[in-house]
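Working notes, beginning with the structure itself.
Residue numbers begin at 1 in each chain, while the letters A, B, ... track the order of the sequences. Just so we're clear, the structure is a prediction, and the values are computed from it rather than from any experiment. Only this structure's heavy atoms are used, side chains among them; waters, hydrogens and symmetry mates stay out.
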Amino acid sequence: MSREDRRPYSPAQVETRWQEEWERRGTNLFSHEQLEAPHDPYYNLMMFPYPSAEGLHVGNIYAFTGADVHGRYRRLRGHTVFEPMGFDAFGIHSENFALKVGTHPMDLIPGNVANFTRQLRRIGGMFDWNHTVDTTQPDYYRWTQWIFLQLFKAGLAERKEAPVNWCPSCLTVLANEQVIGGLCERCDTPVEQRRIAQWFFQITKYAQRLLDNLDDLDWSDTTRKAQRNWIGRSLGARIRFPVLSETAGQGGSGAGTTDEERSLAVEVFTTRPDTLAGATYMVLAPEHPLVDAVTTPEQRDSVDRYRSQVGTMDLVARKKTDKAKTGVFTGGHCRNLLTGEKIPIWIADYVLMEYGTGAIMAVPGHDERDFEFAREFGLPIRRVVAGPDHSADTPLEEAYTGAGRIVNSGTFDGLDWEAAIPAVVEWLEGQSVAAGKSAGEGHVNFRLRDWCISRQRYWGPPIPIVYCDDCGPVAVPEDELPVILPRVDDFKPDDSGVSPLARVEEWYRTTCPECGGPGRRETDVSDTFLDSAWYFLRYPSAQRDDVAFHPETTRTWLPVHCYIGGNEHAVLHLLYSRFITMALHDLGHLDFEEPFTRFRAHGHITREGAKMSKSKGNVVVPDPIIEEFGADAFRIYLMFLGPYQEGGDYRDAAIQGPYSFLSRIWDSVLPVEDLRNDPLEPEVERKLHQTIRQVTEQVDQLQYNTAIAALMEYLNMLRTGGRTAGRSEVEPLVVMLAPFAPHMAEELWEALGHSESIFQVENWPAFDPEKARESSVELAIQVNGKLRGTVEVEAGSPEEVVLALARNEENVARYLEGATLRRVIFVKDRLLNFVVTA
RNA sequence: GCCGGGGUGGCGAAACGGUAGACGCAGGGGACUUAAAAUCCCCCGGGCGCAAGCCCAUGCGGGUUCGAUUCCCGCCCCCGGCACCA
């Protein structure tokens with residue numbers, strides 16, 4: 001064919017054509033047969049987006065492209081790959097936006113979803129649009145409600161009044177996880193504490209298992225570490241300190257002991273029971289239930305004043321670690337069972353009600369916070385641990401938190417602190433305090449809190465519960481699901497502490513499913529995190545309306561083989577998903593307890609080193625870029641930017657490289673009549689197999705940037721000096737390109753004479769180590785570790801051969817002359833190093 | 001403060017403990033062209049030198065090693081997360 005027949009690379013044309021073609025052929029869509037009887041199934045999952053009004057942003061595209069590259073690669077390796085996409089459209093984010101623009105979310109979401117879908121098709125992901133989910137659709141949230149009911153019936157969902165985080169701006173309760181540094185994650189308003197009856201999932205019952213299973217997951221260490229930290233397991237002891245009666249010194253009877261022990265004890269959690277003798281005072285959280293009981297009449301006023309002061313303080317102020325310690329004496333005392341001493345009970349806001357028992361034994365000698373507090377209020381500080389340079393009475397200028405031996409602790413003196421822990425615990429177990437309880441026992445404490453899932457908002461799935469005066473909270477029967485979220489024009493939250501649904505009487509008024517009497521629906525909706533905690537179970541069964549997830553289909557496809565998403569969800573979303581999966585497993589609905597076999601977090605794209613944000617005006621708008629350079633070039637550019645799992649910095653001009661890379665491939669393959677048909681030259685064949693090896697390994701490991709570099713290198717070789725490429729040189733290149741640039745790969749594949757889609761068959765080129773082997777290698781010749789020359793030898797040459805050649809190198813000889821040879825280090829095919837002294 | 005991840009040319013970045021800077025962007029020079037684009041070839045960390053070559057250089061300071069961007073110890077800085085968690 002002549003030059004005039006060359007058509008220039010036109011991404012728009014190629015990409016439009018193949019997107020239509022894929023749709024027409026249903027290449028990405030799963031038929032029922034494929035879903036039921038896949039060949040080597042591979043569930044390739046990525047975190048579904050919240051469909052914002054702005055459309056896909058570069059971060060989304062980066063995440064999805066990286067996942068799609070992996071999925072397409074798996075497809076070329078012969079797997080049946082299931083790659084679904086959906087929309088996480090419930091939640092405060094959508095609702096707040098709807099409020100802002102004054103449009104009902106039910107009217108807003110479909111447009112956003114349509115726009116996202118259009119953009120997602122445009123970037124060439126092989127998403128299965130037959131199995132998509134939208135969390136706001138009744139056929140989805142029906143099953144979200146069903147899951148709630150399963151947990152409710154199993155006793156894992158409970159309603160309790162609890163101090164909750166209240167955002168005075170969003171006018172809603174927030175989960176602990178939605179409070180970032182004391183501020184609402186959505187609007188940065190300081191969060192307040194309120195006591196409201198809430199629905200909780202008892203995730204804490206699963207804390208230990210959620211922790212233990214982490215060891216066996218193929219997840220990155222950082223993600224697992226983040227989960228471990230969030231679960232926050234601490235090993236220690238619970239210790240009960242008897243509260244003393246304060247009739248002491250009141251005169252009167254004069255008989256009996258002055259400090260009568262009451263049938264009351266303050267229970268604390270500590271990780272350092274070995275320092276028990278150093279507990280010179282107690283501290284309760286200001287909201288601790290025992291405060292009233294231990295406060296003496298004289299201290300009543302100051303205690304009340306302090307508590308109300310703390311109560312009105314917002315969480316930011318409250319949780320500041322560097323602020324001065326405050327607190328007040330209750331007038332009450334405990335007995336330190338080990339020392340027998342009477343020690344004062346204080347309240348202070350540095351002790352948090354949410355952690356442990358909400359009370360501590362203060363050991364100022366060996367805890368920095370207690371030390372600071374003791375200094376502030378003149379409380380006694382005692383050394384009970386002595387480091388190597390200390391004696392039992394070396395004064396403490398600051399808290400000593402290091403290792404050492406126990407001192408000033410009676411029978412425990414002399415023990416190493418670690419050995420003292422079990423010794424003290426054992427001793428405590430033998431002592432008894434009020435009401436016949438032992439004085440303490442070993443205890444594991446978790447930082448993890450129960451998951452508060454109710455929201456006093458409109459835009460979420462109604463919690464399927466009916467309250468009845470006679471029967472209490474009753475589950476809505478499963479065959480009455482879904483409890484439809486009614487269309488309410490006034491969905492603005494208010495300060496009442498209840499959902500806008502509580503204003504819709506005709507909706508909440510109902511009958512009790514149990515007794516038929518008057519009932520009232522729960523008006524709270526559930527947390528968005530519940531929607532996303534099970535969507536991966538729904539995808540394969542998305543077309544079924546009889547079950548949440550079909551047992552057979554689920555067995556075939558789950559657990560998810562590979563899950564890719566952002567690190568911002570490395571804790572909450574993943575933890576909740578694991579919990580829901582584990583609970584459903586225990587209830588007999590699933591035969592696995594971990595949902596995601598492999599998880600990888602992608603990095604984030606910055607621009608000029610900064611996070612992209614509308615306020616900074618540095619947001620990359622994808623559509624015009626795709627228009628100009630094509631989705632294929634954009635995909636390659638994003639994947640080439642830096643290591644996928646670390647992210648990278650976006651530079652506008654740099655897309656030029658990937659674009660010309662694609663154009664050059666195009667020109668090398670087309671027109672195919674010009675391709676040479678002779679057998680591979682050995683040099684090219686070697687490079688080809690080295691490239692296959694590298695690209696295979698690296699795409700598998702999500703190391704896309706270097707895999708693309710390898711393809712570029714190979715192409716450069718094919719085109720050196722304006723050389724014409726051969727058919728057998730370019731075919732494997734086109735296949736390896738396919739995960740990154742699927743449209744162009746299809747087009748070229750077809751031009752090469754294939755009638756089936758490139759993704760239809762197991763096409764990935766086979767690697768032959770024999771063919772990748774270099775015949776000759778260049779060895780580095782060093783003298784004392786410094787490079788002084790190189791020699792070219794046959795691969796695998798022995799030391800003698802290299803040594804002889806190396807000595808003859810002029811520059812090497814210069815350094816060896818007059819020096820004494822001490823040693824020769826020889827690394828086959830790499831280097832030879834002469835170690836000499838002058 | 002604690003837990004992660006980083007710090008390498010003008011820029012994005014590569015380097016099983018083994019020739020630091022692959023691949024790409026930007027820049028410079030050349031070939032082809034009436035011209036431009038595209039393409040192809042060459043140069044491109046710093047200093048010294050006509051050259052051969054030499055010295056310096058992967059945040060800083062030590063250490064291990066024949067040899068360290070890589071391993072160890074101690075710091076500094078940037079990014080992300082958690083944070084009075086007892």
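Donor-acceptor pairing under 3.5 Å, judged by distance alone, is present between the side chain of A/Glu778 and the base of B/rU19.
The partner of B/rU19 cannot be assigned: no Watson-Crick or G-U wobble pair with both contacts below 3.5 Å exists in any strand. Remark: B/rC40 base-pairs with B/rG30. Criterion, Watson-Crick or G-U wobble with two distances under 3.5 Å. For B/rC11, the paired base is B/rG24 (Watson-Crick or G-U wobble, both distances below 3.5 Å). Under the Watson-Crick or G-U wobble criterion, with both distances below 3.5 Å, B/rA57 has no partner in any strand shown. Here B/rG4 sits opposite B/rC79 as a Watson-Crick or G-U wobble pair (both hydrogen-bonding atom distances under 3.5 Å).
Separating the P atom of B/rG61 from that of B/rC56 is a span of 14 Å, rounded to the nearest Å. Taking the P atoms as reference points, B/rA37 lies 12 Å from B/rG27, given to the whole Å. Separating the C1' atom of B/rG24 from that of B/rC32 is a span of 25 Å, rounded to the nearest Å. Distance noted for atom C1' between B/rU65 and B/rG18: 12 Å (whole Å). Distance check on atom C1': B/rU39 versus B/rA13 gives 26 Å, rounded to whole Å. Comparing the same atom, C1', in B/rA83 and in B/rC11 gives a spacing of 37 Å after rounding to whole Å. Distance noted for atom C1' between B/rU58 and B/rG45: 11 Å (whole Å). Comparing B/rG81 with B/rU19, their P atoms sit 38 Å apart, to the nearest whole Å.
The phosphate of B/rC54 has OP1 or OP2 within less than 4.0 Å of a side-chain N or O from A/Asn811. Residue A/Lys225 places at least one side-chain N or O under 4.0 Å from the OP1 or OP2 atom of B/rG4. Using a 4.0 Å cut-off, some side-chain N or O of A/Arg830 falls inside it from OP1 or OP2 of B/rU19. Look at A/Ser234 and you'll find a side-chain N or O under 4.0 angstrom from OP1 or OP2 of B/rA86. Distances shown here put a side-chain N or O of A/Lys786 below 4.0 Å from the OP1 or OP2 atom of B/rC56.
Counting only heavy atoms from C-beta on, A/Thr271 has its side chain closest to B/rA86 among B/rA86, B/rC41, B/rG53. Checking B/rU19, B/rA86, B/rA22 against the side-chain heavy atoms of A/Val351 singles out B/rA86 as nearest. Candidate nucleotides B/rG6, B/rC54, B/rU19 were compared by shortest atom distance to the side chain of A/Arg788, and B/rC54 ranks first. If you check B/rC41, B/rC84, B/rC55 against the side chain of A/Asp349, the one that comes closest is B/rC84. Which of B/rC54, B/rA86, B/rU19 sits closest to the side chain of A/Tyr815 comes down to B/rC54. Checking B/rA86, B/rC41, B/rG12 against every side-chain atom of A/Arg651, the shortest atom distance belongs to B/rG12. Out of B/rU19, B/rA83, B/rA86, the shortest distance to the side chain of A/Arg447 is found at B/rA83.
Note on A/Thr270: only backbone sugar-phosphate atoms sit closer than 4.0 angstrom, heavy atoms only; bases stay farther off. No contact: A/Glu810 has no heavy atom under 4.0 Å from any strand. At the heavy-atom level, A/Leu831 lies under 4.0 Å from base atoms of the strands shown. Within 4.0 Å of A/Asn833, counting heavy atoms only, lies at least one base atom of the nucleic acid. Using a 4.0 Å heavy-atom criterion, one finds that A/Arg822 contacts no nucleic acid atom at all. In this structure, A/Asn705 reaches the sugar-phosphate backbone alone: every heavy-atom distance under 4.0 Å involves primed, P, OP1 or OP2 atoms, never a base. Using a 4.0 Å heavy-atom distance criterion, A/Gly232 is classed as making no nucleic acid contact. Among the protein residues, A/Glu368 comes within range of no part of the nucleic acid, since none of its heavy atoms lies under 4.0 Å from any strand. Residue A/Gly722 is in sugar-phosphate contact alone, with no base atom involved, counting any heavy-atom pair closer than 4.0 Å across all strands shown. At the heavy-atom level, A/Arg238 lies nowhere under 4.0 Å from the strands shown.
Going from atom CG of A/Asp652 over to atom C1' of B/rC11 covers 13 Å, rounded to whole Å. Rounding to whole angstrom units, NE2 of residue A/His569 and P of B/rG81 are separated by 13 Å. If you take OH of A/Tyr659 and P of B/rC23, they are 23 Å apart, rounded to a whole angstrom. What separates CG of A/Leu816 from C1' of B/rC66 is a distance of 14 Å, to the nearest Å. Across the protein-nucleic acid pair, A/Ile781 atom CD1 and B/rC66 atom P stand 19 Å apart, rounded to whole Å. Distance CG (A/Leu352) to C1' (B/rC82): 14 Å, rounded to an integer number of Å. In this structure, A/Asn567 places its CG atom 10 Å from P of B/rG81, rounding to the nearest Å. Distance A/Glu287 CD to B/rC84 P: 13 Å, rounded to the nearest Å.
Between A/Tyr350 and A/Phe373, the angle of the ring planes lies from 30° to 60°, which puts this pair in the tilted group. Between A/Tyr704 and A/Phe740, the angle of the ring planes goes over 60°, which puts this pair in the perpendicular group of the 30/60° scheme. Ring geometry for A/His366 against A/Tyr400 counts as perpendicular: the plane angle is over 60°, on a 0 to 90° scale with 30° as the lower cut. Using cut-offs of 30° and 60° on the angle between ring planes, the pair A/Tyr644 and A/Tyr62 is tilted.
B/rG9 shows a glycosidic angle within 90° of 0 and is accordingly assigned syn.
Salt bridge status for A/Arg224 with A/Asp215: absent, with no side-chain N to carboxylate O gap under 4.0 Å. No salt bridge links A/Glu354 with A/Arg449; every basic N to acidic carboxylate O contact stays at or beyond 4.0 Å. Residues A/Arg240 and A/Glu267 are paired through a salt bridge, judged by an N-O separation under 4.0 Å between the basic side chain and the carboxylate. Salt bridge A/Asp370/A/Arg375: absent, no basic N to carboxylate O contact under 4.0 Å.
Listed by chain and number, the residues in a ring-ring contact (aromatic ring centres under 6.0 Å, His included) with A/His604 are A/His602 (sequence neighbours excluded).
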Polar atom pairs (N or O), protein with nucleotides 24-27 of chain B, under 3.5 Å:
from, atom 1, to, atom 2, distance (Å)
B/rG24, OP1, A/Asn716, ND2, 3.0

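Sequence neighbours left out, the pairs with a member in residues 689-708 of chain A that pass salt bridge (charged side-chain N to carboxylate O under 4.0 Å, His left out) are A/Arg74-A/Asp700.
A side-chain donor-acceptor contact under 3.5 Å links A/Asp450 to the backbone of A/Thr204.
Nearest-nucleotide positions on RNA chain B place A/Gln703 closer to the 5' end than the other of A/Gly785 and A/Gln703. Mapping A/Ala359 and A/Phe834 onto RNA chain B by nearest heavy atom places A/Phe834 closer to the 5' end of the strand.
In summary, the side chains of A/Glu794 and A/Ser776 do not present any donor paired with an acceptor at a separation below 3.5 Å, with no hydrogens or angles considered.
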